[in-house]
Amino acid sequence: MPGELHIVGQLSHARNFGKGNLFILWEVVTGSHWEHIEGNEQGQTHVIESEDPAFGAILAHPIDVHFRTSNVQGWPKLVVHVWHQDAYGRKDFVGYGVAYLPCFTSGFCDELVEVQTWTPVAPSFMEQLRTMFLGGAAQLKDDNLVHKIENRYRLRTMPSGQVYFRLSLLTQYFDRLSVTGV
């Protein structure tokens with residue numbers, strides 16, 4: 001019987017972006033050995049109008065997703081794309097982020113998962129000037145670079161803010177895969 005991982009919780013909050021009117025696109029990315037059973041593997045939060053100085057932007061976006069696997073390779077990762085919406089409804093990119101879910105093989109755990117975000121630095125001086133005066137930020141041509149590490153080392157980036165997920169994880173049947181102490 002394959003191992004199962006159930007993820008329940010919320011995209012809790014975001015902080016240190018220096019902007020209000022944020023919204024976040026999120027996705028749970030897994031390897032090829034993982035099968036999605038039920039729930040949404042991706043979603044988008046609402047736009048939050050202001051950033052509270054103490055807690056950041058409170059989002060409280062629900063997450064409930066269930067996976068099955070025959071191999072722990074490709075353990076799930078959380079991928080986020082953070083956006084800002086201006087007063088005219090225009091969307092402006094803010095940052096990318098990725099973090100692995102806590103890895104364990106039996107039982108239940110509650111975790112606060114922090115995803116540190118970053119934004120690519122524009123490759124040329126002229127593009128950096130354009131960004132400074134006209135807004136917008138450099139974006140990746142291939143969003144898979146966010147969660148695939150093969151070529152990410154070539155990127156020049158700068159830190160953005162942090163996105164927090166408050167999650168409860170439940171695993172079952174991993175002992176039957178002869179996986180212990182991950």
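Not measured: the values here are computed from a predicted model.
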### Message
Working note: V115 + W26, criterion side chain to side chain contact (heavy atoms under 4.5 Å, CB included); need CA distance, chi angles, decisive distance, verdict.
### Response
CA-CA 11 Å; V115 181; W26 62 270; over 6 Å; no
### Query
Step by step, would you call V163 with F17 a side chain to side chain contact (heavy atoms under 4.5 Å, CB included)?
CA-CA 10 Å; V163 175; F17 286 99; 4.1 Å; yes
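With W75 contributing its side chain and Y100 its backbone, the two residues share no donor-acceptor pair below 3.5 Å. A distance-only check finds a donor-acceptor pair linking the side chain of H84 to the backbone of G20 [under 3.5 Å]. In this structure, T119 contributes its side chain and G95 its backbone to no donor-acceptor pair below 3.5 Å. A donor-acceptor pair under 3.5 Å is absent between the side-chain atoms of W83 and the main chain of N21, judged by distance alone.
Of the residues L78, L170, L167, the one that meets the side-chain contact (heavy atoms from CB on, under 4.5 Å) test with I7 is L167.
Under the 4.5 Å side-chain criterion, counting only non-hydrogen atoms from C-beta, L5 is in contact with P76. Side-chain contact between D92 and D86: absent, with no pair of heavy atoms (C-beta onward) separated by less than 4.5 Å.
Remark: H33 pairs with no residue by the ring pair (Phe, Tyr, Trp, His ring centres under 6.0 Å) rule, at least two apart or across chains. Residues forming a side chain to side chain contact (heavy atoms under 4.5 Å, CB included) with E4 (at least two apart in sequence, or on another chain): H66, R68, Q172, Y173. Legend: residues meeting side chain to side chain contact (heavy atoms under 4.5 Å, CB included) with Q162, ordered by chain and number and at least two apart, are R15, N16, E114, Q116, Y164. Legend: residues meeting salt bridge (charged side-chain N to carboxylate O under 4.0 Å, His left out) with D64, ordered by chain and number and at least two apart, are absent. E111 meets the side chain to side chain contact (heavy atoms under 4.5 Å, CB included) test with P102, C109, V113, L169; sequence neighbours excluded. Under the side chain to side chain contact (heavy atoms under 4.5 Å, CB included) criterion, T45 pairs with L11, F23, I24, L59, H61, sequence neighbours left out.
S70 approaches P2 most closely through the heavy-atom pair N-CB, 4.5 Å. Here the closest non-hydrogen pair linking T117 and G161 is OG1-O, 2.7 Å. For the residue pair I58 and I48, the shortest heavy atom distance occurs at O-CD1, 3.3 Å. Of all heavy-atom pairs spanning F67 and E41, the tightest one is CE2-OE2, 3.5 Å.
Residues W118 and L25 are members of one and the same hydrophobic cluster, defined by side-chain heavy-atom contacts under 4.5 angstrom among Ile, Leu, Val, Met, Phe, Trp and Tyr. Cluster membership check: F165 does not share its hydrophobic cluster with V8, using side-chain heavy-atom separations under 4.5 Å among Ile, Leu, Val, Met, Phe, Trp and Tyr.
Rounding to the nearest 0.5 angstrom, the gap separating the CD atom in Q73 from the OG1 atom in T30 is 12.5 Å.
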